[in-house]
Amino acid sequence: MAKTAEGLLKHCKEVVENKVQYVYGCKMEILTNSIYTRLKSMYGSLVWGTDISKVGKMCCDCSGLISSYTDIVRNSAGYKNTAVEIATIAQLKANWKNYIGWGIWLNGHIGVVSDTEGYYYAMDGSSRNAVHYPIGKQNWTYVIKLKDIVYPSSCTGATVDTGNKTEAVAESGVDVYYRVYANSQWYREVVNYNNTSVDGYAGAEGKPVHCIMARLSRGKIKSRVHIKGGRWLPWVDGYNPGDHNNGYAGDGAKEIDGVQFCLEGLEGYDVYYRVSTMASTDYLPWVKNIEDYAGIFGKQIDKVQIEIRKDN
């Protein structure tokens with residue numbers, strides 16, 4: 001079923017009415033003591049000490065407000081990087097009705113343009129929680145037409161050039177989306193791979209990876225990781241940083257030195273992947289399916305590339 005602007009706004013209204021609480025890293029889930037401890041360990045000061053008082057309540061962060069409706073997980077930067085159109089706040093104010101249900105964005109934060117002129121919906125931080133506020137409450141930068149939402153044909157505005165990168169297009173016709181957790185944060189989502197920009201891989205030079213998640217535009221991809229000095233962790237097929245059982249491969253605390261991916265429900269295709277380690281800036285050879293693993297035991301992985309190819 002298509003995810004529409006009307007449906008997104010209804011979802012936002014229900015979130016405010018139900019007084020959902022803000023906790024960084026939550027994706028519309030009941031906060032437990034174990035989830036709080038895990039998130040605090042992963043994200044540090046981004047998870048407030050006072051958030052422990054929200055245990056037992058439904059909690060969510062800003063990007064989770066949208067992803068809990070679409071079932072497609074992106075962070076705030078990911079929504080901007082995949083936006084269909086982008087406009088300024090001045091353009092929004094000049095023609096509000098053309099931007100209803102779009103995302104409203106600033107660096108590190110995202111909300112939704114309300115159907116009440118001058119207002120936005122957002123999970124607006126640990127002190128505010130779920131809100132329907134005048135846009136002057138935040139220093140919003142852009143409004144973005146969300147890739148995962150179907151808008152009425154009239155819902156189109158003038159756009160601006162913000163230097164967005166263009167996603168690599170998979171020759172196979174199947175896109176792979178992936179991101180890693182390193183340096184106490186989830187890094188931006190990457191689509192396919194390239195060797196010409198920082199958007200061509202997941203991770204950061206010299207920052208050891210702790211977790212990885214991946215999904216496909218169709219079919220299913222499973223992943224597992226090997227803990228440095230330890231063992232292989234179980235296979236997972238989810239894509240949700242808030243799902244600590246099946247949402248990502250890794251335990252959030254230990255560095256990884258090996259990774260494997262395999263496909264399900266995608267006959268005639270193979271997954272190829274490669275990594276670089278902190279011992280070298282060069283990538284190791286490509287690995288196909290589970291014929292081997294990517295990495296070197298004992299050497300932390302810092303960058304990952306994945307591609308789906310048609311079986312020859």
Is [Y] reachable from [X] through a run of hydrophobic residues whose side-chain heavy atoms are each under 4.5 Å from the next?
| X | Y | value |
| --- | --- | --- |
| Val55 | Met58 | yes |
| Tyr272 | Leu284 | yes |
| Leu9 | Ile72 | no |
| Ile296 | Met278 | no |
| Tyr119 | Ile110 | no |

Problem set entry | From CA spacing to verdict: side chain to side chain donor-acceptor pair (under 3.5 Å), Lys80, Asn107 | CA-CA 9 Å; Lys80 179 172 175 285; Asn107 189 26; over 6 Å; no
Closest approach of [X] and [Y], non-hydrogen atoms and distance?
| X | Y | value |
| --- | --- | --- |
| Ala5 | Gly101 | CB-CA, 4.4 Å |
| Ala130 | Met123 | CB-SD, 3.6 Å |
| Tyr121 | Cys12 | CG-CB, 3.5 Å |
| Ser67 | Val73 | CB-CA, 3.9 Å |
| Asp257 | Gly298 | OD2-N, 2.8 Å |
| Val236 | Ala249 | CG2-N, 3.6 Å |

Exercise. Yes or no on side chain to side chain donor-acceptor pair (under 3.5 Å) for Asp302 and Ser276, after CA distance, side-chain angles and deciding distance?
Worked result: CA-CA 6 Å; Asp302 62 357; Ser276 70; 2.6 Å; yes
For this session: For Lys27, enumerate each residue passing the side-chain hydrogen bond (donor to acceptor under 3.5 Å, both in side chains) test, keeping only those at least two apart in sequence or located in another chain.
Result: Asp61, Ser63
Exercise. Among all residues two or more places apart in sequence or in another chain, which pass the ring pair (Phe, Tyr, Trp, His ring centres under 6.0 Å) test with Tyr273?
Worked result: Phe261
Exercise. Trp286: what forms a ring pair (Phe, Tyr, Trp, His ring centres under 6.0 Å) with it, not counting sequence neighbours?
Worked result: Tyr193
Problem set entry | Check against side-chain contact (heavy atoms from CB on, under 4.5 Å), Tyr151 and Trp102 | CA-CA 9 Å; Tyr151 293 93; Trp102 285 35; 3.5 Å; yes
Out of curiosity, [X] [atom1] to [Y] [atom2], how far, rounded to the nearest 0.5 Å?
| X | Y | atom1 | atom2 | answer |
| --- | --- | --- | --- | --- |
| Arg274 | Ile306 | CZ | CD1 | 12.0 Å |
| Leu92 | Asn98 | CG | CG | 10.0 Å |
| Lys254 | Arg231 | NZ | CZ | 8.5 Å |
| Arg38 | Asp251 | CZ | CG | 6.5 Å |
| Trp140 | Ile89 | CH2 | CD1 | 8.5 Å |
| Ile256 | Ile301 | CD1 | CD1 | 4.5 Å |

So do the side chains of [X] and [Y] get within less than 4.5 Å of each other, counting heavy atoms only?
| X | Y | answer |
| --- | --- | --- |
| Val174 | Ser217 | yes |
| Lys288 | Val271 | no |
| Tyr43 | Pro241 | yes |
| Ile308 | Leu263 | yes |
| Tyr36 | Ser53 | no |
| Tyr22 | Cys59 | no |
| Tyr201 | Val304 | no |
| Tyr177 | Ile221 | no |

Other residues, nucleotides and ligands only: do more than 12 of their heavy atoms fall within 6.0 Å of [atom1] on [X]?
| X | atom1 | answer |
| --- | --- | --- |
| Tyr283 | OH | yes |
| Ile290 | CD1 | no |
| Lys54 | NZ | yes |
| Glu29 | CD | yes |

For this session: Look at the aromatic rings of Trp186 and Tyr248 and report parallel, tilted or perpendicular, splitting at 30° and 60°.
Result: perpendicular
For this session: Begin from the C-alpha positions of Ile66 and Val112 and carry the test side-chain contact (heavy atoms from CB on, under 4.5 Å) through to its verdict.
Result: CA-CA 8 Å; Ile66 300 170; Val112 176; 3.9 Å; yes
For this session: Give the intermediate values and the outcome of side-chain contact (heavy atoms from CB on, under 4.5 Å) for residues Gln260 and Trp235.
Result: CA-CA 9 Å; Gln260 287 186 311; Trp235 288 97; 3.8 Å; yes
Exercise. With a 3.5 Å cut-off and no angle check, do the side chains of Asp124 and Gln138 form a donor-acceptor pair?
Worked result: yes
For this session: Report the C-alpha separation of Ile52 and Asn33 in whole Å, then their side-chain angles, then the decisive distance to 0.1 Å, and conclude whether the side-chain contact (heavy atoms from CB on, under 4.5 Å) test is met.
Result: CA-CA 7 Å; Ile52 190 68; Asn33 281 301; 3.6 Å; yes
Look at the side chain of [X] and the backbone N and O of [Y], then say whether any donor-acceptor pair between them is shorter than 3.5 Å.
| X | Y | result |
| --- | --- | --- |
| Asn289 | Glu291 | no |
| Tyr99 | Val143 | no |
| Asp311 | Tyr269 | no |

For this session: State which residue, out of Val16, Val15, Val20, Leu8, fulfils the side-chain contact (heavy atoms from CB on, under 4.5 Å) condition with Leu65.
Result: Val15
Exercise. What residues form a salt bridge (charged side-chain N to carboxylate O under 4.0 Å, His left out) with Asp237, not counting sequence neighbours?
Worked result: Lys220
For this session: Examine His226 together with Phe297 and report whether their ring centres are nearer than 6.0 Å.
Result: yes
Exercise. With respect to Tyr239, which candidate in Arg179, Arg74, Glu189 satisfies the side chain to side chain donor-acceptor pair (under 3.5 Å) definition?
Worked result: Glu189
Problem set entry | Pairs meeting criterion side-chain hydrogen bond (donor to acceptor under 3.5 Å, both in side chains) with involvement of residues 7-20, two or more places apart | His11-Ser68, Lys13-Asp115
For this session: Can you run down the side-chain hydrogen bond (donor to acceptor under 3.5 Å, both in side chains) pairs that involve residues 202-211, sequence neighbours left out, and say none if there aren't any?
Result: Glu205-Lys303
Exercise. Cationic tip of Lys137 within the cone over Tyr120's six-membered ring, i.e. under 6.0 Å and within 45° of the normal?
Worked result: no
